[in-house]
Each structure stands twice: as C-alpha cells, then as structure tokens.
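Let me begin by presenting the structure, written as structure tokens, before commenting on it.
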Amino acid sequence: MATEKCQMRALILVGGYGTRLRPLTLSRPKPLVEFANKPILLHQIEALKEAGVTEVILAVSYRADEMEKELKHETEKLGVNLIFSHETEPLGTAGPLALAKDILLTSSEPFYVLNSDVICDFPFQELEKFHRNHGKEGTIVVTKVEEPSKYGVVLYNNDGCIESFIEKPQEFVSNKINAGLYILNPSVLSRIQLKPTSIEKEVFPYMSSDKQLYAFELNGFWMDIGQPKDFLTGMCLYLNSLKHRDPSQLYEGEGIVGNVLVDPSAKIGKGCRIGPNIDLDIRLIKML
C-alpha cells in the first residue's frame, strides 16, 4: 500500500523595504514587482507547490495588505494556503522563524525557508530528498559564483557536511556561497529566540559546529535580484533557462532578437525590433 506524501510548509522572508531595487519598489512592495510577467514571489510559490508544499508563511512587516490582496487569488488557484506572519519590528533572517514558531511546530515535517530576492532553477524536490537522506537538522543550498570575495563562502566535506563559513575571503578558499534557500527540521526553532537575529551569523555556525548542517549544490542558474543591475542579469539567466526548459513560452515573430517574453498586456507595433533578453510587460513599463 502506497503511503501518502507528507504535506510540506515553507516560510518566505519578505520583511524588507526594497530600497535597493528602486525605482521598481517606489510604487509596489518588492515581492510584487513583475519579473518575467508575474510577481517575483509567485515564481517561488509555484515552484514550492510543484514540490508538494501546501502552506506558505510570509514573514512580512511592510505593505502586507497589498501583498495579501494581490496574492491570495493566485495562491488559492494553486491550492496553497497563504499565512501572513506580521513583524512589529525587523527581526532579521532568523527572528521571523521564532515569530512563526507556533505554526511551524504543528508538524514534525521539515520546512523550507527562502529569501524573497532569489530567482533560480529551484531544486526543492532534490533538496528534500538530500535532506532526508543525511538525517541532520538543516540543509543550505549553495551555488557557485565568479567572485567569492564579495560573499560569505561555505566550506564542507565530500559528504556535504558544513565545516565552516568565511565572510568575504581575500584569498581563494572556495567559490560556493549560501544561495538563500534552506530546508530545516522543526528542532532548529529551539536555537532561535524571538528577537532580531541573523540565521547566517547566529544560528548556522552553531549548527555546523554540532555537525547538524549540510550543503546541497545547485546545478542550475541562480541570482539575487534585489538590485536593478542584478535584476537585469537575473532576467537574462531566467530567459536562457526558459529557452531550454520550455521554449514555447518565448515569443517568436518578425523583429524579435534572442530570448523575448511578451505578456498579453503588451502590444507590439509594426516595424518594432525587440530583444535580446527582454520581458515585455506593460505593467512593468508603467512602474518604470
């Protein structure tokens, strides 16, 4: 007799003000900014749904009503229950987990944690399998970057067990960094107090010293799209990935150069030349 797959939860950190992504965030909260014809946050929620997540907690402190109004309809269509966890003060990257503790502890299953700025080939199903196989408390997704000196790098052994973190190394020690995607067991919550706390600096190092934290290597593209320059780079990476995964979504026609995504809200006039690496969406144009 087949066993029913356990229901999964996720918590997405959306508490920031989005100042780095201005002017796109002057009129909309960052998680609702259009990226490839849909809100950034919806890309993450759809990927989580495909991996079996049925409940998503949004850790919010800013313009929560606007996010709820716009996202509720879409998540209901997906069959995902959306819960808002409201911060009265900024709680960093770990404090929101403590705030949502009562919700997260209603299940013994591991849960995902995401930074809302991340776009990538989301590896949630493979991540869950890897996490359950090693049986420890947490797993961090790591990704390869060209300039590791700009980031905090993650050092781990051949089995993936994390040994240490080095912040912005001046000499090359590794090119693998924290990608802002995690899967954690509920027992992690005993390590976190309800106060402003950094999960990267105040939780993960202790989990590592206890040999309870593993690294999962991301094979596909990755980008933190929290700044305009990186937003554009992330769009190029996403469209190139779409070309290989589902090229039917890309627009074809006269005057199109390279990878172009066109939303039904946009109309293309005669003689236009568009591309490469363009997401044509009249809603995004209005924000700009």
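- The CG atom of Leu71 sits 5.5 Å away from the CG atom of Leu41 when rounded to the nearest 0.5 Å.
- Counting only residues at least two apart or in different chains, ring pair (Phe, Tyr, Trp, His ring centres under 6.0 Å) contacts with residues 159-181 are absent.
- Tracing side-chain contacts under 4.5 Å through hydrophobic residues (I, L, V, M, F, W, Y), one never reaches Leu99 starting from Ile192; they form parts of separate clusters.
- Listed by first then second residue, pairs satisfying ring pair (Phe, Tyr, Trp, His ring centres under 6.0 Å) with a partner in residues 187-210 read Tyr182-Phe204, not counting sequence neighbours.
- With rounding to the nearest 0.5 Å, the separation of CG in Leu127 from CD in Glu217 is 12.5 Å.
- For Lys77, the salt bridge (charged side-chain N to carboxylate O under 4.0 Å, His left out) test picks out Glu74, with sequence neighbours left out.
- A pairwise comparison of heavy atoms in Ile166 and Val173 identifies CD1-CG2, 3.9 Å as the closest pair.
- Side-chain contact check for Leu97 versus Phe111: some heavy-atom pair is nearer than 4.5 Å.
- At distances below 3.5 Å, not a single donor-acceptor pair connects side-chain atoms of Ser164 with backbone N or O atoms of Leu155.
- Taking all atoms of both residues into account, the shortest heavy-atom contact from Ser107 to Pro186 is O-CG, 3.6 Å.
- Of all non-hydrogen atoms in Ala59 and Leu11, the two that sit nearest each other are CB-CD2, 4.2 Å.
- At least one side-chain heavy atom of Leu82 sits less than 4.5 Å from a side-chain heavy atom of Ile45.
- Residues Phe84 and Val14 fail the side-chain proximity criterion, which asks for heavy atoms closer than 4.5 Å.
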(request) Decide salt bridge (charged side-chain N to carboxylate O under 4.0 Å, His left out) for Arg132 and Glu128; before the verdict, give the C-alpha distance in whole Å, the side-chain angles of both, and the deciding distance to 0.1 Å. (result) CA-CA 6 Å; Arg132 292 186 186 276; Glu128 180 194 351; 2.8 Å; yes
Enumerate, atom names and distances included, each donor-acceptor pair closer than 3.5 Å involving a side-chain atom of residues 47-58, sequence neighbours excluded.
{"residue": "Lys49", "atom": "NZ", "partner": "Leu78", "partner atom": "O", "Å": "3.4"}
{"residue": "Glu55", "atom": "OE1", "partner": "Arg9", "partner atom": "NE", "Å": "2.5"}
{"residue": "Glu55", "atom": "OE1", "partner": "Arg9", "partner atom": "NH2", "Å": "3.3"}
{"residue": "Glu55", "atom": "OE2", "partner": "Asn81", "partner atom": "ND2", "Å": "2.9"}

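- When hydrophobic clusters are built by joining Ile, Leu, Val, Met, Phe, Trp and Tyr residues whose side-chain heavy atoms come closer than 4.5 Å, directly or via intermediates, Val203 is not grouped with Leu194.
- Closest of all the heavy-atom pairs between Lys211 and Tyr214 is O-CE1, 4.3 Å.
- Residues Leu181 and Phe122 are in side-chain contact: their nearest non-hydrogen atoms beyond the backbone lie under 4.5 Å apart.
- Between the CD1 atom of Ile199 and the CG atom of Asn178 there is a distance of 9.0 Å, given to the nearest 0.5 Å.
- Applying the side chain to side chain donor-acceptor pair (under 3.5 Å) test to Ser198 and every residue at least two apart in sequence or in another chain returns Glu200.
- Every residue was checked against the side chain to side chain donor-acceptor pair (under 3.5 Å) condition with Ser209, not counting sequence neighbours, and none meets it.
- In terms of the side chain to side chain donor-acceptor pair (under 3.5 Å) criterion, residue partners of Thr139 (sequence neighbours excluded) are, by chain and number, His131, His134.
- Here the side chains of Phe221 and Ile119 are in contact, with some heavy-atom distance below 4.5 Å.
- Atom CD1 of Ile140 and atom CG of Leu184 lie 8.5 Å apart (nearest 0.5 Å).
- For the salt bridge (charged side-chain N to carboxylate O under 4.0 Å, His left out) condition, the pairs that include at least one residue of residues 189-198, sequence neighbours left out, are Glu137-Arg191, Arg191-Asp210.
- Considering only heavy atoms from C-beta on, Cys120 comes within 4.5 Å of Leu218 through its side chain.
- Shown here is Gln193, whose CD atom has no more than 12 heavy atoms of other residues, nucleotides or ligands within 6.0 Å.
- Considering only residues two or more places apart in sequence or on other chains, Lys136 meets the salt bridge (charged side-chain N to carboxylate O under 4.0 Å, His left out) condition with none of them.
- Partners of Glu89 according to the side chain to side chain contact (heavy atoms under 4.5 Å, CB included) rule, which considers only residues two or more places apart in sequence or in another chain, are Leu91, Pro196.
- Looking at heavy atoms from C-beta onward, Tyr156 lies in side-chain contact with Val142 at the 4.5 angstrom threshold.
- Here the shortest heavy-atom pairing between Ser116 and Ile40 reads O-CG2, 3.4 Å.
- Residues passing the salt bridge (charged side-chain N to carboxylate O under 4.0 Å, His left out) test with Glu46 are Lys38, sequence neighbours excluded.
- Asn219 places none of its side-chain heavy atoms less than 4.5 Å from the side chain of Asp121.
- Atom OG of Ser85 is separated from atom CD1 of Ile12 by 12.5 Å, given to the nearest 0.5 angstrom.
- Looking at residues two or more places apart in sequence or on another chain, you find no side chain to side chain donor-acceptor pair (under 3.5 Å) involving Asn175.
- At distances below 3.5 Å, at least one donor-acceptor pair connects side-chain atoms of Ser208 with backbone N or O atoms of Ile162.
- In plain terms, the two heavy atoms of Asn115 and Gln44 that are nearest each other are O-NE2, 3.0 Å.
- Glu147 CD to Lys168 NZ: the interatomic distance, rounded to the nearest 0.5 Å, is 12.0 Å.
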